[in-house]
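One structure is given here, and the rest of the page talks about it.
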Amino acid sequence: MTAIRGQPPGRTGRVWLKRRLEVADRGSTLLETKMRILAGEQQRFALLAQRTQRRWEQTAADADRWMARASLLGGRRGLRFADDGRPAQVLLSWDTTMGVSYPSRGRVVMPDPLPDAPTPAGAALVRARQAYRAAAVAAVDHAVATAAVAAVEREMAATRRRLRAIQDRWMPRLEEAGRAVAEALEEQEREEGMRMRWAAERLGRRQR
């Protein structure tokens, strides 16, 4: 195997390879720790996403039921007056774990009623409006949890690739290069030993 780029020759190269192998081993340990922490976070967010999905589905179904009642009692004209067309806003808070940024909380800001807005006609329409507000909050909670799962899973995939690159490619290359250097040094030492013995034998014969 060819030497690694930047590898010095001889015994200096063996020390150089050993140090880089130690660094790679520490990096592998850190990445394994990061994977364990991220796996725990991924499981936590996945469970949260399941709970928020159920909540969202329940509140959306409740809102649809109240809207159907309001439509039957007040007709389409009453529904048009109940909507002024202004959208709600979503404000996000962010957290970071092991270098991964993800949304941790979403707050839904509903527009205040206009001063001249007509009062919703009927209790069913009032309940429908309240139910849709609750459904919007639940939808944002589920979106936040889902986004957090996706962010953590992307980082887990990237960390897994880096870990495999170190463990499956970089460390074996360093180990193989280290063995090659060790074998070359052993061969060099044997050759030097043979030359020294040969020189000693020649000196002995001359002195006789």
Please say whether more than 12 non-hydrogen atoms of neighbouring residues, nucleotides or ligands are located less than 6.0 Å from [atom1] in [X].
X	atom1	result
Gln43	CD	no
Glu187	CD	yes
Trp16	CH2	yes

What is the minimum heavy-atom distance between [X] and [Y], and which atoms define it?
X	Y	answer
Leu174	Ala24	CD1-CB, 4.3 Å
Val140	Gly106	CG1-CA, 3.8 Å
Thr96	Ser101	OG1-OG, 3.3 Å
Ser104	Asp95	CB-OD2, 3.3 Å
Met110	Ala88	SD-CB, 3.8 Å
Ala131	Ala63	CB-CA, 3.5 Å

Could you check if a side-chain atom of [X] sits within less than 4.5 angstrom of a side-chain atom of [Y], using non-hydrogen atoms only?
X	Y	result
Trp170	Val23	no
Met156	Arg160	yes
Arg19	Val15	yes
Glu175	Leu21	yes
Val126	Arg129	no

When rounded to the nearest 0.5 angstrom, what is the spacing between [atom1] in [X] and [atom2] in [Y]?
X	Y	atom1	atom2	result
Met98	Met35	CE	CE	11.0 Å
Gln7	Arg14	CD	CZ	11.5 Å
Leu125	Arg127	CG	CZ	12.0 Å
Met171	Glu176	CE	CD	14.0 Å
Ile166	Leu31	CD1	CG	5.0 Å
Tyr102	Thr146	OH	OG1	14.5 Å

Open item on the list: We want to know whether Thr29 and Arg26 form a side-chain donor-acceptor pair, criterion being a heavy-atom distance below 3.5 angstrom.
Closed with: no
Task: Ionic contact status for Arg162 with Glu155, cut-off 4.0 Å - done: yes
Applying the 4.5 Å side-chain criterion to the ILVMFWY set and letting contacts propagate, would [X] and [Y] be lumped into a single cluster?
X	Y	result
Leu92	Val137	yes
Phe45	Ile37	yes
Trp94	Val90	yes

TODO: Scan residues 43-62 for pairs that pass salt bridge (charged side-chain N to carboxylate O under 4.0 Å, His left out), counting only residues two or more places apart or in two chains.
DONE: Glu41-Arg44, Asp62-Arg65
